[in-house]
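The next block holds one structure in the form of structure tokens; read it before the comments.
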Amino acid sequence: MREIQGRIFIGGEWRESAQGRDLPVVDPASGQEFARIAAAGADDMALAVDAAVGAMAKARHGGWSPADRQNALLRLADAIAARSEEFARIEMHDTGKPISNIRHLDVPQSAAGLRYFAGWAAHLTGETMNLSVPGNWHAATLREPVGVAGQIIPWNYPLMGAAMKIGPAIAAGCAVVLKPAEQTSLSALLLADLLADCGFPAGMVNIVTGTGAEAGAALVRHEGVAKIAFTGSTATGREILRVAGPMMKRVTVELGGKSPVVVMPDADLDKAAAAISMGIFFNSGQTCSAGSRLLVHADVARDLVPRVAQIAAGMRIGAPDDPATQLGPVISQAQCDRIMGFVTRARADGARIVTGGERRGQAGYFIAPTVLDDVQAAMEIAREEVFGPVLAVQTFDTLDLDEIAALANAGTYGLAAYVWTSSMSSAFGLVRRIRAGTVRVNTAGGNDFCMPAGGVKQSGNGRENGRAGVEAYTELKAMTIAV
Ligand code: ADP
Ligand code: MG
């Protein structure tokens with residue numbers, strides 16, 4: 001821990017940032033600074049990109065075969081598993097997540113993600129084609145690494161975010177410069193410390209910490225970076241596209257959401273209540289695909305909403321290191337103020353607090369799980385992403401699937417959607433009508449690396465995970481040979 005604090009990882013070496021500035025890291029459970037990270041600038045980024053370009057050039061001369069990439073990713077997964085408790089403690093202090101969640105989800109899923117992507121390294125292929133134009137041909141596509149990948153990740157799932165960015169890039173044969181979020185950079189730095197022992201060539205993965213405005217922006221505009229993979233807010237995604245678009249970079253952006261949960265009158269309400277609560281309150285609502293907008297049929301609203309509120313009110317909020325804690329703080333003072341602002345304005349707009357709506361604890365950024373009823377489609381709380389433990393409830397009284405889908409499709413986002421029904425035709429009918437990158441029926445779970453993840457509308461561009469997520473780190477070359 002001591003050795004990695006305040007340093008950046010470039011070309012296989014720990015370095016000081018060129019400008020020698022640093023940033024505090026605050027534990028959201030206490031509100032106290034507990035570490036410092038380097039605030040890298042454009043000079044540091046340029047060094048990191050050079051290292052990545054160099055590593056790719058060297059790899060072209062051999063010694064970094066698909067099997068090598070697969071093995072390195074598998075070994076990195078093993079290394080995470082071997083040091084799982086160390087990762088868990090770092091992640092807990094950085095994010096405020098309950099330790100039990102980190103032990104059950106963040107750490108093992110980071111390893112699982114790397115193993116999944118390891119499997120792709122030796123499985124990417126092109127195709128052979130049969131041309132119709134006159135002549136004799138051998139025509140095929142070659143799938144080649146896109147180049148150096150600049151990766152920028154948010155603070156809500158730091159270790160998983162890093163693993164899910166590094167995995168596909170390495171599988172595809174790219175070198176990486178990763179900039180973690182300034183609030184939560186430590187687990188990525190610990191990951192960097194494991195790379196050499198796992199067989200990653202120097203410079204293949206570089207981890208550079210710093211602010212978005214300085215380090216992040218420098219990465220986006222660097223000419224040596226062929227692809228930007230960004231996960232974060234829609235506002236920042238738009239800014240990245242504005243800069244990287246004219247440079248013709250390949251850009252994937254995974255952005256915000258205001259994901260609807262549609263509950264039909266024939267739904268299993270017990271299962272729905274548990275999953276809806278989990279879906280919005282897990283990780284204190286700081287999940288891009290959180291089902292934050294409950295659209296419930298009026299016939300069952302009076303039955304369902306109190307069940308959700310009861311689960312919310314019964315959740316154990318508290319110290320992240322207590323294994324019984326279910327709900328930790330939100331990430332920062334700024335985020336806490338932002339969330340409470342949404343709640344205050346929702347009440348002023350006429351929404352009614354069923355449970356929560358207040359801060360908790362003497363220190364740190366704890367917010368009680370909050371259910372707001374009587375929400376109308378035009379209210380801010382029905383349209384804007386809160387990114388906190390706040391569920392907005394709207395009711396509807398039609399059974400017409402077009403009308404219900406129109407409610408679900410309102411607003412600018414299209415990341416995820418959830419449907420609860422026991423009717424197959426309602427299930428399929430709504431899946432087809434709802435515009436979102438992901439639609440889940442009768443579950444908030446089923447998250448798997450093999451499934452493409454991404455958004456439509458203002459929720460982003462492109463897909464991560466699955467075949468599509470790995471191929472997003474490649475270019476197709478069309479090869480035609482006259483024979
Ligand atoms: P938030 O404001 O909640 O932190 P962001 O989307 O701004 O969410 O941040 C997600 C990631 O994007 C972080 O790593 C952050 O440092 C980075 N970032 C923020 N602004 C920029 C920018 N202009 N260019 C590149 N990266 C940025
Ligand atoms: Mg920001």
Side-chain angles (χ1 to χ4, degrees), residues 8 17 21-26 28 37-42 44-46 48-49 94-96 149-162 164-166 176-189 191 206-222 225 227-247 249 251-258 283-290 292 329-342 365 384-388 413 415 455 458-461 464:
I8 51 184
S17 156
R21 286 195 278 111
D22 63 1
L23 295 165
V25 188
V26 170
I37 55 163
D44 301 311
M45 273 304 170
V49 175
D94 254 358
T95 62
Q151 306 183 319
I152 299 174
I153 57 175
W155 40 259
N156 56 341
Y157 292 93
L159 180 61
M160 278 175 73
M164 288 163 62
K165 285 282 188 288
I166 293 170
V176 165
V177 178
L178 177 93
K179 194 206 81 67
E182 52 271 44
Q183 298 86 346
T184 58
S185 294
L186 297 176
S187 54
L189 292 173
L191 201 61
N206 306 275
I207 311 281
V208 183
T209 60
T211 64
E214 200 173 0
L219 183 58
V220 172
R221 65 171 183 263
H222 196 294
V225 175
K227 175 190 163 97
I228 298 291
F230 170 77
T231 302
S233 64
T234 292
T236 300
R238 217 172 265 137
E239 168 62 13
I240 285 173
L241 286 167
R242 192 185 65 77
V243 176
M247 297 179 82
K249 294 190 183 200
V251 185
T252 47
V253 291
E254 208 265 89
L255 310 176
K258 186 77 191 183
N283 211 36
S284 298
Q286 303 168 121
T287 303
C288 51
S289 58
S292 52
V330 298
I331 191 71
S332 63
Q333 182 70 58
Q335 208 48 28
C336 190
D337 293 343
R338 194 174 161 274
I339 296 165
M340 294 310 295
F342 274 114
Y365 316 126
E384 297 290 328
E385 182 178 51
V386 176
F387 223 63
Y413 291 116
L415 193 59
Q458 297 294 302
S459 291
N461 256 334
E464 296 196 299

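As the structure lists them, so they are numbered: ligands from 1, and atoms in each ligand from 1.
By the 4.5 Å heavy-atom criterion applied to side chains, Pro180 and Thr209 are counted as neighbours. For the pair Met164 and Tyr157, the minimum side-chain heavy-atom distance is 4.5 Å or more. By the 4.5 Å heavy-atom criterion applied to side chains, Leu219 and Val208 are not counted as neighbours. Residues Val251 and Asn461 are not in side-chain contact: their nearest non-hydrogen atoms beyond the backbone lie 4.5 Å or more apart. Using a 4.5 Å heavy-atom cutoff, the side chains of Glu384 and Phe342 are in contact.
Contact annotation for Ala215 and ligand 1: no heavy atom of the residue comes within less than 4.0 Å of the ligand. Counting heavy atoms under 4.0 Å from ligand 1, residue Val243 does not touch it at all. Within the 4.0 Å heavy-atom criterion, the part of Phe230 lying near ligand 1 is the side chain and not the backbone.
For atom 9 (O) of ligand 1, the nearest protein heavy atom is 4.0 Å or more away. Protein non-hydrogen atoms do not reach within 4.0 Å of atom 2 (O) of ligand 1.
For ligand 1, none of its N or O atoms has an N or O atom of Thr211 under 3.5 Å away.
Heavy atoms only, all atoms of each residue included: Arg338 and Glu385 are closest at NH2-O, 3.2 Å.
The main-chain N or O of Ala149 is never found under 3.5 Å from a side-chain atom of Lys165 such that the two would form a donor-acceptor pair.
Note on ligand 1: Phe387 sits outside its first shell, no heavy atom being nearer than 4.0 Å. Residue contacts with ligand 1 include Pro180, since one of its heavy atoms falls under 4.0 Å from the ligand.
When only non-hydrogen protein atoms are considered, atom 13 (C) of ligand 1 lies nearest to Ile153 O, 3.5 Å. The protein heavy-atom contact nearest to atom 15 (C) of ligand 1 is Glu182 OE1, 3.5 Å.
Taking a cut-off of under 4.0 Å to the non-hydrogen atoms of Trp155, the atoms of ligand 1 that pass are 1 (P), 3 (O), 4 (O).
Screening Leu191, Ile153, Asn206 against Leu178 for a side-chain contact (heavy atoms from CB on, under 4.5 Å) leaves a single residue, Ile153.
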